Amino acid sequence: MDDSVDIRRSVPADEGALAHLYPDAFPGEDLLPLVRALLREEAGVLSLVAVKDGAVVGHILFTQGTVDPAGERVALLGPLAVATRVQRQGIGGALIRAGLQDLAQMGARSVLVLGDPAYYGRFGFVADHGVEPPYPLPKEWREAWRSIDLDDEPGKAQGTLALPPTWMQPALWQP
Ligand SMILES: CC(C)(COP(=O)(O)OP(=O)(O)OC[C@H]1O[C@@H](n2cnc3c(N)ncnc32)[C@H](O)[C@@H]1OP(=O)(O)O)[C@@H](O)C(=O)NCCC(=O)NCCS
């Protein structure tokens, strides 16, 4: 990635930039209500922005949760957005890697994602059949439900992902 891009935690003053970034990266989808609701759940959320030439050009959110019944600490990745004018420069990858590093330090055992298998596969996310999402996924989305381990401890988390209330809406888990 270009050295002129910085990755840092987001601050409330970034909200205006995010209001431009999301419609640009996701023209057919309004993800801002979800992003704003997650940012209000500060305690359980890791929010990073990529800054280039003083402008926010990328954003990633991770929501911490548990795999129950054992209560293992994990996180869910999403959403991730990079401004169209700077895509394919490694910014999305840099946001993912920075987030995984922070989450490992915060004690998360693994990170789950519901996303394009070809894209997330590049970063080591593999299909997860041990952790069930909060709501059953349609069959065609099973390959998109992936995870990456952050520690070397044996015994993968097994059970159902429990997340803060914002994610507990069936519509977010359906096509
Ligand atoms: C997906 C997205 C975050 C990638 O960000 P980015 O900064 O362009 O990604 P990177 O530069 O780190 O990686 C780009 C590489 O991934 C590939 N790639 C990008 N999107 C991909 C996809 N959906 N599937 C497979 N590969 C993809 C590119 O071909 C590129 O590879 P190349 O440079 O070898 O050709 C960005 O394109 C985006 O915001 N898209 C719209 C929103 C979206 O789909 N978000 C992700 C789901 S939450």
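No experiment lies behind these values; they were computed from the predicted model shown.
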| Where is the tightest heavy-atom contact between Asp128 and Ser147, given as atom of each residue plus distance? | OD2-OG, 2.6 Å
| field | side-chain hydrogen bond (donor to acceptor under 3.5 Å, both in side chains) against Tyr22, all qualifying residues, sequence neighbours excluded | value | His59
| query | In terms of hydrophobic clusters joined by side-chain contacts under 4.5 Å, are Tyr135 and Leu137 together? | reply | yes
| request: Among residues two or more places apart or on two chains, list those pairs meeting salt bridge (charged side-chain N to carboxylate O under 4.0 Å, His left out) that have a residue in residues 70-85. | output: Glu72-Arg109
| query | Less than 4.5 Å apart, any side-chain heavy atom of Ile60 and any of Leu80? | reply | yes
| remark: Taken in chain and number order and not counting sequence neighbours, the residues that satisfy side-chain hydrogen bond (donor to acceptor under 3.5 Å, both in side chains) with Ser110 are none
| field | Qualifying salt bridge (charged side-chain N to carboxylate O under 4.0 Å, His left out) pairs with a residue from residues 141-150, counting only residues at least two apart or across chains | value | Glu132-Arg142, Glu143-Arg146, Asp149-Lys156
| remark: With sequence neighbours left out, the residues meeting side-chain contact (heavy atoms from CB on, under 4.5 Å) with Gln87 are Val82, Thr84
| said: Quick check: do Tyr120 and Val111 have side-chain heavy atoms less than 4.5 Å from each other? | reply: no
| said: Same cluster or not: Met106 versus Val67, using hydrophobic residues (I, L, V, M, F, W, Y) connected whenever any side-chain heavy atoms lie under 4.5 Å apart? | reply: no
| message | Please report the interatomic distance CD1(Ile148) to CD1(Ile96), rounded to the nearest 0.5 Å. | response | 9.0 Å
| message | Please enumerate all residues that pass salt bridge (Lys or Arg N to Asp or Glu O under 4.0 Å) together with Arg8, with sequence neighbours excluded. | response | Asp14
| query | Closest approach of Ala144 and Pro117, non-hydrogen atoms and distance? | reply | CA-CG, 4.0 Å
| Got a second to check how far Leu95's CG is from Ile7's CD1, nearest 0.5 Å? | 4.0 Å
Could you list the donor-acceptor pairs under 3.5 angstrom formed by side chains in residues 26-36, with sequence neighbours left out?
residue : atom : partner : partner atom : Å
Asp30   : OD1  : Leu32   : N            : 3.2
Arg36   : NE   : Glu15   : OE2          : 3.1

| query | Does some side-chain heavy atom of Leu161 sit less than 4.5 Å from a side-chain heavy atom of Leu163? | reply | yes
| Pair listing, ring-ring contact (aromatic ring centres under 6.0 Å, His included) test, anchored in residues 29-58, at least two apart | none
| request: Look at the side-chain heavy atoms of Ile, Leu, Val, Met, Phe, Trp and Tyr, link any pair under 4.5 Å apart, and say whether Leu114 and Leu76 land in one connected group. | output: yes
| task | Find out whether Leu61 and Pro79 are in side-chain contact, i.e. whether some heavy atom of one side chain is under 4.5 Å from a heavy atom of the other. | result | yes
| said: My understanding is that only residues two or more places apart in sequence, or in another chain, count here; which of them pass salt bridge (Lys or Arg N to Asp or Glu O under 4.0 Å) with Asp102? | reply: Arg9
| Would a 4.5 Å heavy-atom cut-off, applied to side chains only, mark Leu18 and Leu39 as touching? | yes
| Does the side chain of Val131 reach to within under 4.5 Å of the side chain of Val74, using non-hydrogen atoms? | no
| query | Same cluster for Leu150 and Val126 if Ile/Leu/Val/Met/Phe/Trp/Tyr side chains link at under 4.5 Å? | reply | no
| message | When you group the ILVMFWY residues by side-chain heavy-atom contacts below 4.5 Å and let the links chain together, are Leu38 and Val49 in the same group? | response | yes
| message | Can you confirm whether Leu100 sits close enough to Phe123 that some side-chain heavy atom of one is under 4.5 Å from a side-chain heavy atom of the other? | response | no
| query | Who pairs with Arg122 by side-chain contact (heavy atoms from CB on, under 4.5 Å), at least two apart in sequence or on another chain? | reply | Tyr119
| Closest contact, heavy atoms only, Ala50 versus Ile91 | CB-CG2, 3.5 Å
| field | Contacts of Phe62 that satisfy ring-ring contact (aromatic ring centres under 6.0 Å, His included) - sequence neighbours left out | value | none
| Verdict with reasoning, Arg40 to Val45, per side-chain contact (heavy atoms from CB on, under 4.5 Å) | CA-CA 9 Å; Arg40 280 197 293 272; Val45 166; over 6 Å; no
Going by atom type alone, with no hydrogens or angles, which donor-acceptor pairs under 3.5 Å involve a side-chain atom of residues 165-173 and a protein atom two or more places apart or on another chain?
residue : atom : partner : partner atom : Å
Thr166  : OG1  : Glu41   : OE2          : 2.3
Trp167  : NE1  : Thr63   : OG1          : 2.9
Gln169  : NE2  : Thr166  : O            : 2.7
Trp173  : NE1  : Trp167  : O            : 2.9

